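What follows is a single structure, written as structure tokens, with notes after it.
In what follows, chains carry the letters A, B, and so on, assigned in the order in which the sequence lines appear, proteins first and then strands, with residues in each chain numbered from 1. Please read all numbers here as calculations on a predicted model, not as lab measurements.
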Amino acid sequence: MRGSARSGAFILLIPAIVFIVLLFVYPFAYGLYLSLTTADGAFSLGNYIRFFTDGRDLRTIWTTLSIAVPITFINVGLAVPFAYYMRRGVRGERIITFFLIVPITLGTVLVSEGMLSYMGPNGWLNQLLIALHLAKDPVRFTHNYLGVVISLGLQGFPYAFLMLLGYVSGISPDLEKASQMLGASRIQTFWKVLFPLMVPGIAISFCLNFVMAFSVFPSAVLLGQPSGPTRVIAIASYQWAFEKFNFNAASAISMIMAAIELLVISIVLVWRSRMYRGVSVVGKG
Amino acid sequence: MKEFERITVKRMTKRFGDRDAVHDFSLEFFRGEFVTFLGPSGCGKSTALNCITGLIPITSGEIFIDDECIDDSRNKVPPEKREFGMVFQNYALFPHLTVYENVAFGLKLRRFPRAEVERKVGEALKLVHLEGYAAKYPTQMSGGEQQRVAIARCIVLEPRLLLLDEPLSNLDAKLRVELRYELKALHERLKVTTIYVTHDQTEALALSDRIVVLKSGRIQQVGSPVDIFSNPANLFVADFVGYKNAWRTTIDSLNETPEGLSARIRVQGSAIEARLPYPEGDPRRLGLVEAFKAGSPVRTAIRPEDIDVGSFPGMNALRCIADLVEYQGHASQVSASFGDSGGERVRVDLRATAPIREGETVEAAIDPGKILLFPEAPDEAAANDAGAAPGRKGRKPKGRVS
Ligand SMILES: Nc1ncnc2c1ncn2[C@@H]1O[C@H](COP(=O)(O)OP(=O)(O)OP(=O)(O)O)[C@@H](O)[C@H]1O
Ligand SMILES: [Mg+2]
């Protein structure tokens, strides 16, 4: 009985497994194979050695991290207090949510173009700043580091916020009341009860935000200076693939990207398991 | 910790939208007492409890501990400063902390030295029979165990007032009885002033020094378990503590004596005499005298187990037909009916120890001293027209009039 029930369940899993293999495992394995070979198919570590010895390419790791890490911390760090204050719902929540979802639905390119005109030297943001005497000359918000970071904020914050809001509003209000009845102030309740319970959500949204920011491409090209200060790792990979037509070198850079992302995700997950031991032992309910 | 003699709640009201969830609630709690709020779902028990803790702000009224005002509906001492303890209906244990850390939570906030925290937590866990559970997480425990952790977490802080919101309602029947005994033993031992919320009259009767019966946010009666059980103040309380047979009728004649009333009523042609132990000045007595003078409707309240089943000559005899028999082990719950031939039949709930078959004719008699009469309140009259009056709920009698 048991065996047949199990194999029945396995049959149901087959479509999902095929899907995963075709969509993720195969391209990844093929990319790994490409990265470890030369153009004529011989095994070689040359693609990796070249990346780590080419100063201009190696520097992209640092460039990308210096964009991705701060904006991920900002996005998640802002999302935590916002989600906390909105956990029981506030007036106008729908409108706020609507404006947060708009940048997600519009897509990176449209948001970037919007930013180019609104935040450009003659855009209304600069006109406003000058009219309010907050700035003398137009402030440069685009075609630099700041432009990329702002666009990643517009794109990443809504994800982080909506995800964390789901987490916090799922925490029973009775837990807060219980903590209060035991003598905890609001701040103590936040740090001793709500924050630890938000940790899994914080970890997940940090990972997603980081991966999104680390693999940034369109906004780094459109809003940054892709030749220098915002030459992120994805641009390096793109140039090898479509400017120099060396897919082997491009694959190697992609593999390095994946490795760095995995490394950061593992650090976050270790932090999470340190902070939230409860989840590892949740058996039921 | 500061001791107190009494906690006084004066005219407390909590309004949600345009409805009062708690209305004009005044009560005193004395040190060491076990007081129970009893009432049906939605009557405002939890709201009253949360208002007393300060977890929800009150709309009007005042709360005092002895002479110190802790809430006057504008300024209040925050709940974390009141030194009250509360056990929530769903326990509200912190899922990310072990049993030990849950119980130690309040002690650590109060910056007790580590050794003392350990000692106190150990003692509290022993008190609720959970030694050896310290390292477990709440989700690894059964409902009964979680409930005891929640209690330990409160009593370890030696609260001035312990509030329990339906702590037994999530448990199975057997465990509920066991933990009820434990709660009682715990209260005898610690003598902590306790407010207990329940909708279960058995729990209320078993545990309390005083019971407060609530309906739609209003206090119906405050009294000892014996008082509430045998001397309900109105039809609602009577119905809630197990009086059924709320027959609607008028009083034919009424005799007043200093210690009570004796009334004659007629229910569907059957003459019934009732002796009511309502002393002079009792509002129920005044109400009945008024109802008699005005000829307005009154209602009976008779426990099924107070109706004698078998052949009895003479007084208050009823000839009934058993419509439905529900076997309950030591006795059967019988839904029967009586009445004139041709007229509408009246349903009567009774309990019988002898076997009875459905459709059988049953002779029953009611001791005149076991009948209560209440004037019908205006809202009950309205409810009666809607067919939802107390004593009428449940199954309708089968139309077995032959
Ligand atoms: N936050 C709120 N907003 C609006 N109405 C509320 C709120 N909390 C409670 N009420 C209403 O107040 C009334 C009393 O609720 P309360 O929770 O005190 O009932 P209860 O006696 O504890 O019931 P139960 O036995 O089901 O727990 C109910 O009619 C409920 O709908
Ligand atoms: Mg309740």
Side-chain angles (χ1 to χ4, degrees), chain A residues 80 83-85 87-91 163-164 166-206 268-285, chain B residues 1 46 49-50 52-56 78-99 101-112 135-143 146 149-150 152-165 170:
Chain A
V80 170
Y84 171 75
Y85 282 111
R87 69 198 184 284
R88 303 273 162 272
V90 292
R91 207 170 292 174
M163 190 172 239
L164 280 177
Y167 255 87
V168 209
S169 49
I171 298 172
S172 159
D174 279 349
L175 292 182
E176 275 178 69
K177 288 188 185 171
S179 160
Q180 234 182 321
M181 289 301 294
L182 292 168
S185 65
R186 242 167 240 285
I187 295 172
Q188 285 169 322
T189 298
F190 176 81
W191 284 112
K192 286 178 191 289
V193 178
L194 285 174
F195 186 77
L197 291 173
M198 283 169 81
V199 160
I202 292 174
I204 294 286
S205 67
F206 189 95
V268 172
L269 292 184
V270 166
W271 170 77
R272 173 196 130 136
S273 61
R274 284 269 167 85
M275 287 296 297
Y276 190 74
R277 285 156 302 157
V279 77
S280 56
V281 290
V282 170
K284 47 181 175 177
Chain B
M1 184 194 66
S46 300
L49 209 62
N50 280 289
I52 293 171
T53 61
L55 284 171
I56 55 181
E80 63 267 25
K81 300 257 168 65
R82 293 190 186 187
E83 297 177 65
F84 294 171
M86 179 147 169
V87 174
F88 292 80
Q89 189 163 350
N90 56 9
Y91 316 135
L93 298 176
F94 304 127
H96 59 298
L97 300 178
T98 61
V99 168
E101 290 164 331
N102 264 283
V103 180
F105 190 88
L107 295 170
K108 285 183 182 165
L109 287 171
R110 285 164 180 70
R111 304 194 183 284
F112 276 93
K136 286 209 175 198
Y137 283 90
T139 41
Q140 298 171 309
M141 305 178 83
S142 74
Q146 291 186 29
V149 177
R153 187 173 70 173
C154 277
I155 58 176
V156 78
L157 299 172
E158 299 169 23
R160 301 203 272 184
L161 179 66
L162 181 62
L163 305 112
L164 303 137
D165 192 353
N170 286 341

Determine whether more than 12 heavy atoms belonging to other residues, nucleotides or ligands lie under 6.0 Å from atom CZ of A/R91.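 Counting neighbours around CZ of A/R91, 12 or fewer heavy atoms of other residues, nucleotides or ligands fall under 6.0 Å, so no.
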
Nearest 0.5 Å, please: how far is [atom2] in [Y] from [atom1] in [X]?
X      : Y      : atom1 : atom2 : value
B/E80  : A/R186 : CD    : CZ    : 7.5 Å
A/K177 : B/I56  : NZ    : CD1   : 6.5 Å
A/L182 : B/R110 : CG    : CZ    : 7.5 Å
B/T53  : A/M181 : OG1   : CE    : 5.0 Å

Which of the residues [options] is involved in the greatest number of heavy-atom pairs with chain A at under 4.5 angstrom?
options                      : answer
B/G106, B/A92, B/C154        : B/A92
B/L163, B/N90, B/V87         : B/N90
B/K136, B/M86, B/R153, B/K81 : B/R153

Nearest atoms (heavy-atom pairs only) where A/G183 meets B/L109: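 Scanning both residues, the minimum pair turns out to be C-CD1, 3.8 Å.
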
Under 3.5 Å, which donor-acceptor pairs do the side chains of residues 188-199 of chain A form with other protein atoms, sequence neighbours left out?
{"from": "A/Q188", "atom 1": "OE1", "to": "A/S185", "atom 2": "N", "distance (Å)": "2.9"}
{"from": "A/Q188", "atom 1": "OE1", "to": "A/S185", "atom 2": "OG", "distance (Å)": "3.3"}
{"from": "A/T189", "atom 1": "OG1", "to": "A/S179", "atom 2": "OG", "distance (Å)": "2.8"}
{"from": "A/T189", "atom 1": "OG1", "to": "A/S185", "atom 2": "O", "distance (Å)": "2.8"}

Tell me, for B/L107 versus chain A, whether the close heavy atoms (under 4.5 Å) come from the side chain, the backbone, both or neither.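 For B/L107, no heavy atom lies under 4.5 Å from chain A.
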
Partners passing ring pair (Phe, Tyr, Trp, His ring centres under 6.0 Å) against B/F94 (at least two apart in sequence or in another chain):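 Residues passing ring pair (Phe, Tyr, Trp, His ring centres under 6.0 Å) with B/F94: B/F105.
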
